[in-house]
Every structure is written in structure tokens, then in C-alpha cells.
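Here the structure comes first, spelled out in C-alpha cells, and everything after it is commentary.
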Amino acid sequence: MTNYLKQLNQSQMQAVSNLQGPMMVIAGPGSGKTRVLTYRIAHLIKSGTDAFNILALTFTNKAAKEMRNRIETIVESHEAQNLWMGTFHSVFSKMLRIEAEKINYTSNFTIYDTIDSKDLIKSIIKEMGLDKDIYKTRLIQNRISSLKNNFIRPEDYENSPELLQTDKIARRTAFGNIYQKYMQRCFKSCAMDFDDLLLNTYHLLNEFPDVLYKYQNKFQYILVDEYQDTNHVQYLIIKKLAAMNENICVVGDDAQSIYSFRGANIQNILNFKVDYPDFKTFKLEQNYRSTSNIVSLANSLITHNKKQIAKKVWTKNQEGEKTIVCKTLNDNEEGRIVANTIDELHFKENANWKDFAVLYRTNAQSRALEESLRKKNITYKIYGGLSFYARKEVKDVLAYFRMCINPKDEEALKRIINYPTRGLGVTTLQKLIIAANKQDVSIWEVISNLEKYELKINKGTAEKLSQFATLINSYIVQKDNLDAYTLAEQIAKTSGVFYGLYNDKTVEGVSRFENLQELLNGIKDFSEKEGEENNTLEYFMQDIALLTDADNEKEDDHNKVILMTIHAAKGLEFPYIFVVGLEENLFPSMMAMDCREGLEEERRLFYVAITRAEKRLFLSYALSRFKWGQYTDCEPSRFLKELNKTFTKQSEIALTQKKKNHNPYQIFAKTKTQKKKSNFIPKNLKRVSAINADVTPTKTEHLQVGLKVKHSRFGSGKILKIEGEYANKKAIIFFEAVGQKMLLLKFAKLEIEK
DNA sequence: AACAACGGGCTTTTT
DNA sequence: GCCCGTTGTT
């Protein structure tokens, strides 16, 4: 047995070493799921499998990257670079670029992001002369996406009386028409949206037996992470690919399924049993992440779900502190308390900023938190929200790049045809679109051959259009000869975009210009990093198309408090977790509450949130929250009642909002014992917190410079200096083990050594 | 074509 | 409250 296998427990070991045949690993939170996946892949490679023959599908690109690095370390070779590993979207877009011709695409196809696809749907609705209040873009977009994820194409839709009836009732009879037109327009633009990447992959494997055969042979071993969050099309793809060898290993946790809105389907777990009757199941139930209090708390919550696979998550870890549940007046106070507690823990427990994460249900909640953190000078980073590449100015420049890689890209063209202004306004664009639709060609085709398409435009406009075409063509000619940065810089400057933004001296304008600079810097890094073969703009665009903010981490972001939605926190872990906004209609969300499935998913989401915590967990809710421009009263979340009270501690609220010099530390908890013990602290300096509630403050009177002391964590040390008074009394101590530290004495629990 | 003024809707969650 | 899109004005 090789050395690296010794680092696994028995169930992990079994899951890693069972290489052949279909298998499912049910892995509780913190049970070493990623470990199993990485070691399993490493073990496959070590056992002689060619990395080229392994397909590993992960939930995020970041996870794939980290796993690849870890595998490389274990197998001690660069073999891991040959793995096909990444998200469904990135792996299959790679496959689609190779096989594009088969499905009548070209390999330079554009990937439309949500904004592109929204814009396209909007213009289709407008062109069709439909009422935009009945045909709401967002709704249509979601419906199209959901149909695609369930492998219902426009023709399937038209053949489904059920679906037709739904839209008939909603008076959206033109939906099928929109759906069809949307698909056609994407195709004509040589573009795929996120869902198309999956849909077309399945289409490719389904319609072309030779392609299927090729990849079935190639992927002798298939691994799927977060299997509980795969959707129907993803399921179909995996099933196809695995059909020949049946060496498929899926890993997941039904209790952590939180993406049903994206088409994720627990049914896939049940289907697995039908498709591979002789499959093996492995359960990873020992939690290595959290204290036993946190594990027990999470277990007490999830038992309220009816639908789940039986398993018992347990831990050998120490008991730890109880979870604190905190009632607050409003969202601002909630933010303030979170910020204060983080600040205090940062100091008291010598924690790094990056050890903290604040999790919330909706992105909108980040605002109050941000304000509080900023006031306390706590360095933080928000994940989610508007991604860098989604910013208008960035998208505008990228549209030029997209045009020179794929000039058929309609959404890119619409963005830049009159940016910067060149006298080609809406009227001209409308004429172009009508002509293009009529002849079933791309807009670019029309612009490139104006005389052929008999447009009713005047000579001046025709001249401007041909100038525009010449400009784009001049970029296209250069695209294969120049590296990404040189070309990008040239486009930015010669198109006039660069100077347009440069001359805008408003606050927003300056910020936009900075973003453009940042984009160019990013491209520069890319050009320098990649080899000469791969440093073209085309490769850069492929690289960024499927990136999320999480993949885009900057160096200086590494030690910051993290703010994100619970969805974004999936798969992550932090020593200190704050879950905020535990209120009815917010968490559980209003949208999800009316059906059992929805509510159970919200509960799983809360389960995910709780189980992110390693050491300490804080839950809070507000009595009032600023919503839609006014304060709304809130009720505590039903989930709080479901938690077993043995593992929580209610923090008493002192509604001191109106008091002058009110110190929020007092709010977090003021237990009765605390009041007694803290008598010697003058009132105005009383700084007490819940996290500290049952700690007796050190008698600081006897401490003086030169004394030898002992600290519970840092060991023996010598006091170098004492400063501050009363509760703020601090000592600089030199510890033999860890060096010099400044400690606030009331927290430090120092013992005097003789 | 560009800008100001106004009104409506919005909050789930994301590749 | 804020963003977005629409309308009206020059």
C-alpha cells in the first residue's frame, strides 16, 4: 500500500481504492470529500491510468484548480496537467470547440453570458411587437433556461400540451415563438449561452455515434463532484459518457442540495440506482471540520427534512463553544454587532481576518454589513454582485474583442456599432436587424455586403457602415499575428474607446477608465504568462468566458473578512461563521415558503451555512429591516426554533439604541454572572461580549512589568510593558513559543508563574 | 443623439 | 432606496 493512502480513514480509503465500476459516495459536510476525490484521482494515476483518460467534473473552476495542484503534489509529476478537469461548462465548452463543425458551429463560437442573453431576448420581444409587461424578459429568460436544463427544446415544447397550456393560461402564447427565435438568433450569431453548452454537448453525443465512441473511449474514468446539484442535461451527458466503461464515481450530499432553481435534481441520485443497479455506496460520516456542538446543531436542524438519505454525521472533535443566537433591532445594528464581534475575536483569539465569513441569503444584505465593517476599519471582501466582466465599460471593450474573434456575434455588434458614437443609431440598427432576419443571416453579413441586401439607407449611413466594417476587419486581420495585449491595446486606442473614457473626468468616468486599465493589465499578464502559441486574444476570451469572481482572486485579497451568499460559500470552511438575517420571508425566502420542497431546500441551505463553521458560529436576526426604501418588521426565522437549544445560547438583547455612547458590545450578551463579576469596571468602560460571557476577567491588578506569566495558548512569557486602564489594560508580552504579542488583559486569562 | 426628469419595480440563490 | 427604462426636451 502506498504511503499517501495512509492519510485516510477507513471509509475514505475504501472510496479511494475501489477503482472499478459505478459508485456513489455520500459525504457529509467536512467529511473529507475533496480529499477522497483528489486521492482517488491520484490513486488512479499512480495505478497506471493515463491522466488523459480521466474526466473530473467539479462545481467551480477554483475547486478544479486547487484539486489539480494537490494531485500534482501527491503524484509528484506534472501528469495532472493532462486531466480533463473543471466545471461541466468549461470542460464541455472545450469539447464543443473541438467538435464544433459537427453541429454546424465553428470553434470560435462566443459564449453569451446572462446579460447578453437577456439583451437578445429583450430585442426579440420588441421586434415581435409583444407587450413587455406580459412578456417580462427575466421571466422568459428563466423559463427558457429551465426548459433547456430539462432538455426540452423548442420543438419539444410545441409538442407538449402541458407546457403550452401553462403559457396559454398566463396569456403568453408567443413564448414558444420567442424560445425558437432566441435559439435561432444564438445559432446565427455563432453563440451559445450557458445552457447551450450543456444542451449542445448532449446533442453532439446523442446524434454522432462516432463522437460519442471517441469520448467514451477517452474517458475511462469519470468523477463527478457535488452530484446532488447536477441538472437533468448534465445527468444525461454523464450517463452517455459512462455507458461504455461504467467507471463512474459520483460524490455528493443530498442534504446539501441547494441549486434546484438552476435545474438541479435530486432525482439524479435516485436515477443512479436505476442506471447502475450493481453500484456501490460509500458513506463518509465522520466530520473533521467542526466542533461537536456545531455538528450536533446542524444535525438537529436537518432532521426536520423529510426527504433525505439516512446517514449519521458525527465527530471526534472537541465540544467547543455554544452557538450564539442574537436578536438585534435592525439590519444596521446587526451589522454593527457582527463587526464588533469580529474585531474583538480578531484581537482576543488572535484570529486572522480571513478566518471570518459573514453569510447571508441575498446579496442585498451585504450593504449594512459593509458599512459597519468599514466604520471599524475591518478589511473585507465581498463575493458576488456585479462581476468585473459584467461591468458596462468592460463589456463594451470586450465586445470589440468578441467581434474580431467572431464577427457574427450579434450582441457584441449591437454594443459597439455606435460606441463611440459614429452616427449609426437605432434606426439604422433596426433596418439591419430586419434585413438580417429576412435573409436569415447575421448582421455582420449584411454590413459586409450592403449592396447585396438592398437596405433603405442613405449614402452617408452606408458610408459609415462600411467604415465600421473596415475598422473591424482591420482588427480581424491582425488577430492571429499579435499577442492578446498588443491587439487589445491597439483596439482600445484606435477605436476611440480609450480616449472616450479618459476624457470623462466625472467620478464614475474615472472609475470606468480604471476598470479599462485593469482589464488591459489582466490581458498583459495573460500575454506574458502564456506561451507564444497560446497568448492570443482568442484564448484570453475563452479563458474569461466562464470565470466567476471567485476565480479572479487578487493577491491583496488573501487576508480579508469574507462576505458572501450561502450559495457562494458552498464547499468552503471558516473558523468563524456569522449567518445573518435569520428572519421569516428572508431566510426562508418568501418565494420558497409555499411548498414543502422549497422550504426543505431553504433548510438545506441553512444546513450548508451552519456546517461551514469550524470553531464558532453566530446566528442573528433583526426585528426590523430596511427594505424597498422603508423599515419593515421582521419575525425570527422558523429555523431558529428548530435548532436544539442544548447547543445554542441566546444572547440577551439590551435595546440601548437610544442611549448616548451606547456600546454595542453590551448588546451581544450581558449575562447575570457577568454583571456581578464585572463590578470593578467603571460603567462607561464596560465592554462585555457574549463570546466572552462566561470568562472571568483576569485580576489585572497584580500584573506588572517583568513578571513571568502563562497563557493558555501561547505558553510562558514575560511582560514587557503594560498600558491602558481598567478594561482596556493591555500588556506587551514576549512569549517563548510565539514571540511578542499585545494582549488585552481582560481576555488573556493569564496566570502568574512562580 | 444626448441628457434630464420621472416612474416603476425590485430581492432569491449562479455556471 | 436604487437601478433601470421610458419619456420629453434641446
Side-chain angles (χ1 to χ4, degrees), chain A residues 57-64 86-93 111-115 117-119 122 125-126 132-133 136-139 141-142 145-146 148-149 192-199 201 226 229-231 233-234 257-264 331 359-368 383-387 389-390 392 418-429 506 508 544-551 564-571 581 583 585-594 598-599 601-602 604-606 608-609 625-632:
Chain A
L57 298 164
T58 59
F59 198 70
T60 61
N61 291 305
K62 199 179 160 200
T87 59
F88 276 86
H89 293 87
S90 64
V91 164
F92 294 126
S93 70
I111 298 174
Y112 275 176
D113 67 11
T114 328
I115 301 170
S117 95
K118 192 183 91 191
D119 289 345
K122 201 186 287 171
I125 292 171
K126 202 169 177 183
K132 62 177 167 40
D133 294 326
K136 287 186 178 144
T137 319
R138 251 185 80 101
L139 233 74
Q141 190 180 17
N142 286 338
S145 172
S146 135
K148 282 184 178 178
N149 282 323
M192 299 189 198
D193 66 15
F194 291 139
D195 305 315
D196 288 335
L197 293 174
L198 304 175
L199 204 64
T201 299
E226 308 283 9
D229 283 325
T230 51
N231 64 38
V233 177
Q234 290 170 328
S257 161
I258 54 174
Y259 277 95
S260 74
F261 71 91
R262 205 164 86 186
D331 43 358
L359 309 182
Y360 35 78
R361 182 64 182 80
T362 65
N363 278 309
Q365 287 166 260
S366 68
R367 213 163 145 158
Y383 282 81
L386 197 62
S387 118
Y389 297 110
K392 191 189 168 296
N418 202 29
Y419 173 77
T421 322
R422 41 173 81 86
L424 296 169
V426 276
T427 333
T428 310
L429 185 59
T506 61
E508 303 86 42
I544 63 164
L546 295 166
L547 281 190
T548 56
D549 265 10
D551 303 312
M564 60 170 115
T565 63
I566 302 165
H567 282 89
K570 177 168 137 163
E583 296 135 36
N585 295 321
L586 181 61
F587 195 11
S589 153
M590 191 162 35
M591 328 293 244
M593 286 201 318
D594 38 3
L599 188 65
E601 175 146 329
E602 293 288 304
R604 290 194 294 270
L605 192 58
F606 189 28
V608 169
R625 187 170 289 278
F626 203 67
K627 233 184 227 172
W628 294 316
Q630 56 181 344
Y631 279 98
T632 325

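Side chains included, hydrogens not; waters and symmetry mates left out as well; all remaining heavy atoms used. Just so we're on the same page: letters track the sequence lines, and every chain starts at 1. Just so it is clear, the model here is predicted, and its values are computed rather than measured.
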| OP1 or OP2 of B:dT14 under 4.0 Å from side-chain N/O of A:Asn363 | yes
- Taking OP1 and OP2 of B:dT15, is either one under 4.0 Å from a side-chain nitrogen or oxygen of A:Ser90?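 The answer is no; no side-chain N or O of A:Ser90 sits under 4.0 Å from OP1 or OP2.
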inquiry  = Which residues pass the ring-ring contact (aromatic ring centres under 6.0 Å, His included) test with A:Tyr259, not counting sequence neighbours?
reply    =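 Expected list: A:Phe59, A:Phe261, A:His567.
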ring-ring contact (aromatic ring centres under 6.0 Å, His included) filter on A:Tyr112, not counting sequence neighbours, yields none
- Query: Say you pick atom C1' in C:dT6 and the same atom in B:dT11; how far apart are they, in whole Å?
  - Reply: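 So the two C1' atoms sit 23 Å from each other.
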[X] has an atom [atom1]; how far is it from atom [atom2] of [N], in whole Å?
X	N	atom1	atom2	result
A:Gln141	B:dT15	CD	C1'	13 Å
A:Leu605	B:dT13	CG	P	11 Å
A:Tyr383	B:dT13	OH	P	18 Å
A:Phe59	B:dT14	CZ	P	10 Å
A:Glu226	B:dT14	CD	P	15 Å
A:Gln365	B:dT11	CD	C1'	9 Å
A:Leu359	B:dT14	CG	P	12 Å
A:Gln234	B:dT15	CD	P	12 Å

Tested for side chain to side chain contact (heavy atoms under 4.5 Å, CB included) against A:Leu57, the lone hit among A:Thr87, A:Thr230, A:Val91 is A:Val91
Nearest to the side chain of [X] - [options]?
X	options	answer
A:Ala364	B:dT11, B:dT15, B:dT14	B:dT11
A:His567	B:dT11, B:dT13, B:dT15	B:dT13
A:Ala568	B:dT15, B:dT14, B:dT11	B:dT14

Assert: residue with more 5' nearest nucleotide on DNA chain B, out of A:Thr87 and A:Ala592, is A:Ala592
query: Using the rule for Phe, Tyr, His and the six-membered ring of Trp, do A:Phe261 and B:dT13 stack at under 5.5 Å and under 30°?
result: yes
Taking any heavy-atom pair under 4.0 Å as a contact, classify A:Arg138: base, sugar-phosphate, or nothing.
sugar-phosphate
For A:Phe88, report the nucleic acid contact type (base, sugar-phosphate, nothing); a contact means any heavy atom under 4.0 Å. nothing
By side chain to side chain donor-acceptor pair (under 3.5 Å) - contacts of [X] (at least two apart):
X	answer
A:Arg422	A:Tyr400
A:Lys627	none
A:Asp113	A:Lys395

B/S/- along nucleotides 1-9 of chain B (protein heavy atoms under 4.0 Å) is SS-------
Which residues pass the salt bridge (Lys or Arg N to Asp or Glu O under 4.0 Å) test with [X], not counting sequence neighbours?
X	value
A:Asp331	none
A:Glu583	A:Arg625
A:Asp195	none
A:Arg262	none

Test: A:Lys570 cationic atom under 6.0 Å from A:Tyr383 six-membered ring centre, within 45° of axis = no
Considering only nitrogen or oxygen atoms on both sides, find all protein atoms under 3.5 Å from nucleotides 1-3 of chain C and state each distance.
from  : atom 1 : to       : atom 2 : distance (Å)
C:dC2 : OP1    : A:Arg367 : NH2    : 2.9

Identify the pairs formed between an N or O of the protein and an N or O of nucleotides 5-8 of chain C at a distance under 3.5 Å, and give each distance.
from  : atom 1 : to       : atom 2 : distance (Å)
C:dG5 : OP1    : A:Lys122 : NZ     : 2.5

Step-by-step side-chain contact (heavy atoms from CB on, under 4.5 Å) determination, A:Leu359 to A:Met564: CA-CA 5 Å; A:Leu359 309 182; A:Met564 60 170 115; 3.8 Å; yes
Exercise. Does A:Thr60 use its side chain to pair, donor to acceptor, with the backbone of A:Ala63 at less than 3.5 Å?
Worked result: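 At least one qualifying donor-acceptor pair exists.
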